[in-house]
Number of protein chains: 2
Amino acid sequence: MQLSETQMKFIRRWGDMGTRWGIPRSTAMLHGLLYVAQAPLAAEEMCELLQLARSNVSTSLKELEGYNLVYRESRPGDRRSFYRAEADVWEMARRILEERRRRETAGAVQAVEECLAAAQQEGDTHTAGRMLAMQELLQSAETVATAAQRYNTSVFRRAAMMGSKLLALISKL
Amino acid sequence: MQLSETQMKFIRRWGDMGTRWGIPRSTAMLHGLLYVAQAPLAAEEMCELLQLARSNVSTSLKELEGYNLVYRESRPGDRRSFYRAEADVWEMARRILEERRRRETAGAVQAVEECLAAAQQEGDTHTAGRMLAMQELLQSAETVATAAQRYNTSVFRRAAMMGSKLLALISKL
DNA sequence: GACAAATTTCTGAAATTTCAGAAAATAGGC
DNA sequence: GCCTATTTTCTGAAATTTCAGAAATTTGTC
């Protein structure tokens with residue numbers, strides 16, 4: 001495989017975006033590479049295309065598999081693994097959302113729960129009130145994010161595209 | 001002001017959450033402190049309560065002001081500034097959403113736009129197709145996030161709480 | 001089961017980020 | 001307009017994160 005200049009540019013930009021999202025540059029670049037690749041790639045190939053250490057590619061691919069953003073395939077008569085990215089961007093978004101929910105909000109819910117209990121125990125109504133408000137927010141976020149997982153790409157897509165209209169509708173209730 | 005054990009625990013946990021969200025621990029802790037504080041605090045006070053350098057507090061507060069998550073107030077006969085956090089958690093969520101949109105997706109939209117143009121120029125239909133799909137996704141996200149900014153807390157709150165029901169509804173369309 | 005190809009884990013170096021202390025700038029009261 | 005309390009900016013040290021190279025492990029083939 002050969003990368004066109006445009007593809008390389010996208011991959012670099014995607015890597016930059018990754019760093020803002022808390023994803024290592026090389027991990028994001030690998031995802032970008034697989035997203036624009038026409039066929040599944042072997043790890044060694046990716047090393048050469050992006051000039052990354054083999055170890056780095058290995059670790060990053062594992063991370064991406066954890067997000068369910070890349071799949072690993074094997075081929076008869078070839079002992080290497082080949083990787084390809086989730087091609088459906090809506091499915092991709094859903095999986096990122098789910099992973100972020102798990103990592104970013106799930107922990108907070110538990111922390112606030114504990115602090116709420118402690119504040120009530122102590123009879124500290126002010127702090128308890130704040131914890132309660134925060135809990136309501138976090139639980140709503142969890143509920144929406146969890147619900148989104150239950151539906152398929154087309155529903156998710158329509159929901160996102162209708163989002164702004166729905167907000168307008170709700171504002172009239 | 002004196003911090004109870006529960007409050008301190010919340011602040012520490014909030015700081016931990018911050019690091020997962022790409023926010024420096026000390027910045028997140030300051031926000032947590034102001035969120036549980038009953039009255040506005042002066043910077044010096046926060047240094048003592050959280051054992052942070054004055055410079056650090058100054059920089060972090062500025063960052064939080066950038067997010068519109070804390071307000072600065074002045075008092076007659078006192079030349080210090082006092083700070084308080086946005087108390088409405090839904091308003092808080094909205095502001096975080098807006099800031100993340102600005103920092104995290106706005107740049108991506110532009111990058112993909114450029115790559116799409118380049119791919120079409122080159123007649124690379126495969127890459128162009130991928131860019132187009134990505135563009136649709138990013139623009140939908142932008143649209144929803146932008147729309148959310150137009151409505152007040154109560155609409156935002158209702159929308160979030162109804163989110164899962166709306167998804168169920170849409171799945172039937 | 002030995003061998004080789006491929007992958008993963010381990011270790012430390014390089015880069016980045018966070019944060020404290022010192023110096024500079026700003027602002028309010030007299 | 002000067003003086004001083006307060007805030008901000010600058011600088012570098014400490015901590016963390018990212019990533020390459022080497023070593024160890026796994027996997028499939030014969």
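Proteins get letters first, then strands, A, B, ... in listed order; numbering begins at 1 in each.
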task = Please determine if a side-chain N or O atom of B/Ser58 lies less than 4.0 Å away from the OP1 or OP2 oxygen of D/dT7.
result = no

request  = Not counting sequence neighbours, list each pair that qualifies as a side chain to side chain donor-acceptor pair (under 3.5 Å) and has a residue in residues 28-40 of chain B.
outcome  = B/Trp14-B/His31

inquiry  = Under the rule for salt bridge (charged side-chain N to carboxylate O under 4.0 Å, His left out), what residues qualify as partners of B/Arg79, not counting sequence neighbours?
reply    = none

ask   = Rounded to whole angstrom units, what separation is found between the CD atom of A/Glu73 and the P atom of C/dT7?
value = 13 Å

ask   = If you check the A/Lys62 side chain, which of C/dT8, D/dT6, D/dT8 turns out closest?
value = C/dT8

request  = Check side chain to side chain donor-acceptor pair (under 3.5 Å) between A/Arg80 and all other residues, then give those that pass, not counting sequence neighbours.
outcome  = A/Asp78

query = For A/Glu113, what residues pass the side chain to side chain contact (heavy atoms under 4.5 Å, CB included) criterion, not counting sequence neighbours?
reply = A/Gln135

key: Protein proximity profile, nucleotides 17-30 of chain C - base contact B, sugar-phosphate-only contact S, no contact -, cut-off 4.0 Å on heavy atoms   = -SSBBB-----BS-

query = Using rotation axes that map the C1' atoms of four end pairs onto the next four (five pairs an end), what angle separates the end axes of the helix from C/dG1-D/dC30 to C/dC30-D/dG1, to 10°?
reply = 30°

note = Rounded to whole Å, the CD-P distance (A/Glu45 to C/dA6) equals 12 Å

ask   = Rounded to whole angstrom units, what separation is found between the CZ atom of A/Arg72 and the C1' atom of C/dT8?
value = 10 Å

task = Mind checking salt bridge (charged side-chain N to carboxylate O under 4.0 Å, His left out) for B/Arg103 and listing every partner two or more places apart, or none if nothing turns up?
result = B/Glu63, B/Glu99

inquiry  = Taking side chain to side chain contact (heavy atoms under 4.5 Å, CB included) as the definition, give me every residue that meets it alongside B/Asp16, ordered by chain and number, with sequence neighbours left out.
reply    = B/Arg13, B/Arg25

remark   = Residues at least two apart in sequence or cross-chain that pass side chain to side chain donor-acceptor pair (under 3.5 Å) with B/Glu122, listed by chain then number, are A/Thr6

query = When you measure from the side chain of A/Ser60 to the backbone N and O of A/Asn56, does any donor-acceptor pair fall under 3.5 Å?
reply = yes

task = Whole angstrom is fine here: how far is it from CG in A/Leu41 over to C1' in C/dA6?
result = 16 Å

